[in-house]
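Computed from heavy atoms alone, side chains included, the values below leave out hydrogens, waters and symmetry copies. Per chain, numbering begins at 1; letters A, B, ... match sequence-line order.
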Amino acid sequence: MRTVVPALLRAGAGSRALVVVAATAVATAVLMAAASIAMLWFDGVPSDLVVDAVGYGTDLEAVNWIVADPGTRGGVLFGAIVLVLPPLLLLDQAVRLGAASRQRRDAALRLAGATRRDVRALAALEVALPALVGGVLGIPTFLVLRSLLAGPGFLAPTSFPPLWVVPLVLVGVALVGAGVGARAGKDDPLGTARRVDLRSGLSWRGPAALVAGAVLLVTQLGAGYGSDLYLLLTFVALGLIVLGLVGSAPWVAYGVARRALRRASTAPELLAAQRVLVAPGAAGRAAAGVGAIGLTLGTTAVFSGDVMAMGQWGGGDTYDVGAVATAVAALVALAVVAGSLAVHAVESIWESRRETAFLAATGTTQADLDQALLRQVRLVAVPLGVTGATIGALGYSGLLLVGESLAGPRLVAAVVGILGTWACVSLAAWAAARLVRPVAVDAARPVHLRTE
Amino acid sequence: MTTSPPAVVARAHEVHQSYGRSLALAGASVQVAEGERVAVTGRSGSGKSTLLLALAGVLRPQSGTVEVVGHDLDTLDDAQRTRLRRREIGLVLQFGQLVPELTALQNVAFPLLLEKSARDAAEAAAHHWLDRLGVGDLAGERPGALSGGEQQRVAIARALVTSPRLVLADEPTGALDTVTAEEVIDVMRSATAESGAALVVVTHDNRVAAALDREVVLRDGRVVSEETAR
């Protein structure tokens, strides 16, 4: 087996490896930024890095108060860690590219005598190697990110995590890649002889984490606002909510697809709904990051509304900088999610290119196929994004309702945040569909009708 | 008393097509009359499937003319050819033609939905053809759960649901055992007879060819003989 591994790895290289490299490079860079911020707890903030007001514009060596203050630094760190999710979900999608053809290859290897372990090791190595390359490229990517974050003072221009953290992050990212790859490796020797139902199991862990997070968020109010325990419980609750949103994505996909199928009256609507319904796990995972992004955008909208209502917006206060930076980061993450949606769409189109070519041959127009693709991408992403934004906006408003009288502005900000998320996610879905259109057009070519 | 000859449903004249340096069709000509059932036979690489795709308007030949139900396909743009295929031509292939995500019923109803039929009406028509082809009880199943023969019956139902005037089949029994293949051909013959559609079947199987009205033999991209069934 060892002698053929290099040849198999070379054959497996391609667009999938490139997406894995890109996703891990971004994830590594964000993790290094998060590590740099986290180290402030242990090393303290050097006095020359802190100024009274906002660091940017007057002293580029400064970090702003949101980072310098241990009370708010945790929020920044939490946001940074949440932003690792979209590239990791993109990595998960990329690993599944060409799953059906690899499944046939793996089954053929098993029939030829390879062990279960051989096949899994090959699948792990196929992802771990490009993930390691992506990790190394993540270092220069971090330097670019650092220069961008130094502007508003989220990182000092010289920030760099301790050297021992760097190999830890690289190995960690490669291990995550290997784990995802090994999980994707199919070791069933019958894979060549029968078609496996790709419907993925719908796990209750996601909804359970969401409920647990919400319950914890409400009950932790008793821990005393501002106390260390309050902060810890808040972060745990938010973490559970984010993980719950991601884990619940397949359920959302299943629910909306069933509803869409009942209402479908045109061919593209029927096709889109059924494509999601037969593989809600895959569709949900592709769009899972949208929920976390919606949560961020919804929360940011209400937070910004608060800052505006208190007359502190645009006055050089660090809160407005933080809100804008968070919104920009969420939008960048949304672009990564659009990539994830595009990768999933490419996968589903390419695996059924013969059927797609047949549809085109029997009178389905390219416009109908395009419409089905756009509906398929939107079907899960939009409800997930809106749900995330609603939880974020209402949850954040609810948290701060105690003793506050800003309900009006908050409600307006929540509506703006939810509508804004809807618009952003719709745009991302459209962009993803446009991105993969060449693949969709190619899949409909009559050449795919020829007998293999 | 004289009877007028049946109208021509499809005609290919002096059709040429090559893939790179490989010549698939070298001046093939064939004509199919209304209600006629024609077998196209020949060795691998003789151009059978290419001729079928040209008749379907899926492939635009490099030279020659193809007419289907009175339309010269060369004069139609892509959208017009697509509409013509949807309404007048039913297509059946050897495998991989059913959308895996859709149920058998939805696969059959799909062409009608493309024509903006109401979903209820489309599904009622799909049910009729699935029942007619003996797979009505499998309407809710997805292709992955069906045997090869059952999948072909569903594909035939889909090809017939729009009441096309021409049904084209490329090795529809190629992946089936002898008994199932005979059943599928019988079903295609009787179903097209019922709907009045002409049937063109590309096949390697002499028994399939013998079951149809006429056999057109291709060699090196040309028609070398045409025989009417005994």
Side-chain angles (χ1 to χ4, degrees), chain A residues 100 194-199 253 257 260-280 282-283 348-349 351-369 371-373 375-376 379 441 443-452, chain B residues 19 24 44 49-50 52-54 56-60 78-79 81-103 105-107 109-120 122-123 142-145 155 158-159 162 164 168 170-171 174-175 202:
Chain A
R194 66 179 163 89
R195 191 162 181 127
V196 177
D197 184 8
L198 294 176
R199 178 196 285 260
L261 183 63
R262 276 198 301 274
R263 294 172 154 216
S265 61
T266 67
E269 285 171 0
L270 180 69
L271 200 53
Q274 279 288 39
R275 278 178 175 169
V276 173
L277 196 59
V278 293
S348 58
I349 290 168
E351 289 302 339
S352 58
R353 57 192 179 280
R354 184 174 165 87
E355 291 82 1
T356 305
F358 188 83
L359 284 180
T362 50
T364 309
T365 61
Q366 189 60 49
D368 280 329
L369 291 173
Q371 208 188 359
L373 175 64
R375 283 179 180 281
Q376 183 188 344
L379 200 58
V441 171
R445 286 169 55 222
V447 68
H448 301 303
L449 293 173
R450 300 180 75 179
T451 307
E452 288 170 355
Chain B
Y19 300 108
S44 294
S49 296
T50 303
L52 195 88
L53 292 180
V58 174
L59 181 140
R60 209 169 203 160
D78 186 58
R81 274 185 291 136
T82 300
R83 272 198 297 278
L84 181 72
R85 278 201 301 272
R86 195 192 294 165
R87 291 168 187 167
E88 305 287 4
I89 301 173
L91 199 56
V92 181
L93 302 182
Q94 185 178 343
F95 66 91
Q97 53 200 309
L98 299 174
V99 181
E101 294 91 349
L102 301 183
T103 63
L105 182 73
Q106 291 164 345
N107 263 291
F110 198 78
L112 296 174
L113 291 173
L114 285 169
E115 283 291 298
K116 314 288 182 214
S117 292
R119 188 166 166 181
D120 288 348
E123 290 187 348
R142 292 202 170 83
R158 183 168 72 173
T162 53
L168 303 170
D170 188 1
E171 301 278 10
V202 163

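A salt bridge links A/Glu269 to A/Arg375: one of the charged nitrogens lies within less than 4.0 Å of a carboxylate oxygen.
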*Can you check side-chain contact (heavy atoms from CB on, under 4.5 Å) on B/Glu123 and B/Leu105, steps first, answer last?*
CA-CA 7 Å; B/Glu123 290 187 348; B/Leu105 182 73; 4.0 Å; yes

*Determine, step by step, whether B/Glu115 and B/Arg87 satisfy the salt bridge (charged side-chain N to carboxylate O under 4.0 Å, His left out) criterion, reporting the C-alpha distance in whole Å, the side-chain angles of both residues, the deciding distance to 0.1 Å, and the verdict.*
CA-CA 8 Å; B/Glu115 283 291 298; B/Arg87 291 168 187 167; 3.0 Å; yes

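Closest heavy-atom contact between A/Ser265 and B/Leu113: O-CD2, 3.8 Å. Among all heavy-atom pairs drawn from B/Ala56 and B/Ile89, the shortest one is O-CD1, 3.8 Å.
For chain A, no part of B/Leu112 is nearby; none of its heavy atoms comes within less than 4.5 Å. Contact of B/Leu59 with chain A is not made at all, since no heavy-atom distance falls under 4.5 Å. Contacts of B/Arg158 with chain A are made by side-chain atoms alone, with heavy-atom separations under 4.5 Å and no backbone atom involved. Looking at A/Leu359, the atoms closer than 4.5 Å to chain B (heavy atoms on both sides) all sit in the side chain, from C-beta outward. In this structure, no portion of A/Ala357 lies under 4.5 Å from any heavy atom of chain B. Interface remark: B/Leu91 contributes backbone and side-chain atoms alike to the contact with chain A (heavy atom separation under 4.5 Å). Looking at B/Thr103, both its backbone and its side chain come within 4.5 Å of chain A, counting heavy atoms on both sides.
With 3.5 Å as the limit, one finds a donor-acceptor pair spanning the side chains of B/Gln106 and A/Gln274.
When each of A/Thr365, A/Val276, A/Leu270 is scored by its heavy-atom pairs under 4.5 Å with chain B, the top score falls to A/Leu270.
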